[in-house]
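Worksheet: the structure to be examined is printed underneath.
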Amino acid sequence: MITVLIEKGYAYISGGNVYFDTSKLSTYYVFGNMNEDDLAVGVRDSVEEDENKRNKTDFVLWFTKSKFEDQELKWESPWGLGYPGWHIECSCISKRHNGEYLDIHCGGIDNAFPHHTNEIAQSEAYLGHKWCNYWFHVLHLNDARGKMSKSKGDFLTVSLLESKGYNPVAYRFFCLQSHYRKPLTFSYESLDNCVKAYDKLIKRISALGTDGEVDAVKAAGLIGKFREAMDNDLNTSLGVTVVYDVLKADTNDATKRYVLGELDKVLSLNLLDAKKEAKKESSPQDAEIEALIAQRTEARKNKDWATADAIRDKLAEMKVVVVDTKDGISWHYAE
């Protein structure tokens, strides 16, 4: 791919490296609201300005010389021993495994520039045609301290939530109630509240009957309302609202179950497997924790502070966080 870009005049060799020449493009800032004056010099490729570049927005396709002298993975190339830039890696992998056309490319908003911008530049210069139809940039998942990230060691995983006893589908429910263009702030208290809401929703769905014929007209109207929410820039929050609208709709249970099944093909909340998803089996330790919390509540009620404090200390040793809310007491494992 790099060889073709050089042959087409989109790339040049300078200082031992191969660079993409952004001045050859009629449009470089494809995602709008970005202009050259606002961009930091030498974004990501180096801490200091790279004087080998012809233009400050040019980026490296192949390194033989870089700030990372201890780079372990290196390969022989027509330009010397080195390694590819991080943008060209993705374009090559995508072309090899997905072909010359993509419909949707996803990623975090921090990848829009320079990574995705550079992917488009090099891919379309190489291919000679439009590469990807839609770009889906998601804003960050934050906690109280700000953006979660691997580098800070505080990122969230589904496995971590499962280890704390949470149903991953309840976490999906939590995420779907926000819009992808808005940052989402995570806390275990918020997740606990969402678990309660999800369990209540599942309980209502599980109470629906199966008798009767599906009312095709009313079903189409409800599905159309959901489609309208999705057509509104994938507004999943409105989509979840439609789920509740279905339950309140003036129609029979058979129609409601049918519509919920159709909506769940998009939401994947296991709505019709309600009884299975309502609550996971409690582990023996979960049962012990519940018993201890009940004992602590009783001790506090009787103003037996010594016993309450002793139970609190025992729960802390078990790495359990107890949260008192207006709806009662919830708990989760500490990180």
Side-chain angles (χ1 to χ4, degrees), residues 141-144 148 156-180 182-208 226 229 235-249 253 256-257 259-261 263-264 266-298 300-301 308 311-312 315-316 318-335:
L141 178 66
N142 301 327
D143 61 15
M148 291 187 183
L156 194 69
T157 65
V158 174
S159 297
L160 176 63
L161 292 177
E162 285 187 301
S163 72
K164 295 177 182 293
Y166 288 101
N167 180 351
V169 180
Y171 174 69
R172 181 194 293 273
F173 186 60
F174 168 75
C175 292
L176 290 175
Q177 293 183 71
S178 177
H179 193 266
Y180 77 90
K182 295 180 180 178
L184 179 60
T185 300
F186 174 85
S187 71
Y188 282 103
E189 182 178 357
S190 297
L191 183 57
D192 287 338
N193 291 334
C194 207
V195 168
K196 291 178 183 178
Y198 177 73
D199 286 348
K200 286 180 181 177
L201 172 64
I202 291 310
K203 188 174 181 180
R204 289 178 65 183
I205 294 172
S206 65
L208 293 174
F226 179 79
N235 195 322
T236 55
S237 178
L238 285 177
V240 170
T241 299
V242 175
V243 171
Y244 288 94
D245 291 343
V246 171
L247 290 171
K248 293 183 291 185
D253 286 359
K256 292 178 182 180
R257 289 185 64 83
V259 173
L260 290 171
L263 270 52
D264 208 34
V266 176
L267 299 175
S268 295
L269 289 172
N270 295 349
L271 296 178
L272 296 186
D273 291 329
K275 294 176 182 176
K276 298 177 187 175
E277 296 295 335
K279 204 129 189 176
K280 286 191 168 186
E281 288 287 326
S282 296
S283 69
Q285 179 161 301
D286 289 348
E288 180 185 359
I289 291 167
E290 296 282 1
L292 285 169
I293 290 173
Q295 292 170 26
R296 174 177 172 268
T297 302
E298 187 65 23
R300 294 178 68 186
K301 183 178 177 182
I311 294 172
R312 178 200 62 199
L315 289 168
M318 299 170 73
K319 296 186 177 181
V320 172
V321 177
V322 179
V323 181
D324 295 299
T325 71
K326 60 182 178 63
D327 296 319
I329 297 173
S330 64
W331 63 272
H332 60 262
Y333 290 106
E335 293 188 41

Stepwise side-chain contact (heavy atoms from CB on, under 4.5 Å) check, Leu315 with Arg312: CA-CA 5 Å; Leu315 289 168; Arg312 178 200 62 199; 5.7 Å; no
Phe174 and Asn193: CA distance, side-chain angles, deciding distance, side-chain contact (heavy atoms from CB on, under 4.5 Å) verdict: CA-CA 9 Å; Phe174 168 75; Asn193 291 334; over 6 Å; no
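Taking the side-chain contact (heavy atoms from CB on, under 4.5 Å) definition, one finds that Thr297 meets it with Ile293, Ile329, sequence neighbours left out. A search for side-chain hydrogen bond (donor to acceptor under 3.5 Å, both in side chains) contacts involving Tyr180 returns Asp233, not counting sequence neighbours. For the salt bridge (Lys or Arg N to Asp or Glu O under 4.0 Å) test, no residue two or more places apart in sequence or in another chain qualifies with Arg172. Among residues two or more places apart in sequence or in another chain, the side-chain contact (heavy atoms from CB on, under 4.5 Å) test is passed with Ser237 by Asn235. For Thr241, there are no side-chain hydrogen bond (donor to acceptor under 3.5 Å, both in side chains) partners, not counting sequence neighbours. Remark: Lys301 pairs with Glu298 by the side-chain contact (heavy atoms from CB on, under 4.5 Å) rule, at least two apart or across chains. Among residues two or more places apart in sequence or in another chain, the ring-ring contact (aromatic ring centres under 6.0 Å, His included) test is passed with Phe226 by none. Partners of Asp264 according to the side-chain hydrogen bond (donor to acceptor under 3.5 Å, both in side chains) rule, which considers only residues two or more places apart in sequence or in another chain, do not exist here. Applying the side-chain contact (heavy atoms from CB on, under 4.5 Å) rule to Ala229 yields the partners Leu238; only residues at least two apart in sequence or on another chain are considered.
The aromatic rings of Tyr198 and Phe173 sit tilted, their planes meeting at an angle between 30° and 60°.
Summarising the geometry, atom CG belonging to Asp199 is positioned 10.0 Å from atom SG belonging to Cys194; distances are rounded to the nearest 0.5 Å.
Side chains of Val320 and Leu292 form no contact here, defined as non-hydrogen atoms less than 4.5 Å apart.
The backbone N or O of Val195 lies less than 3.5 Å from no partner atom in the side chain of Tyr166, so there is not a single donor-acceptor pair.
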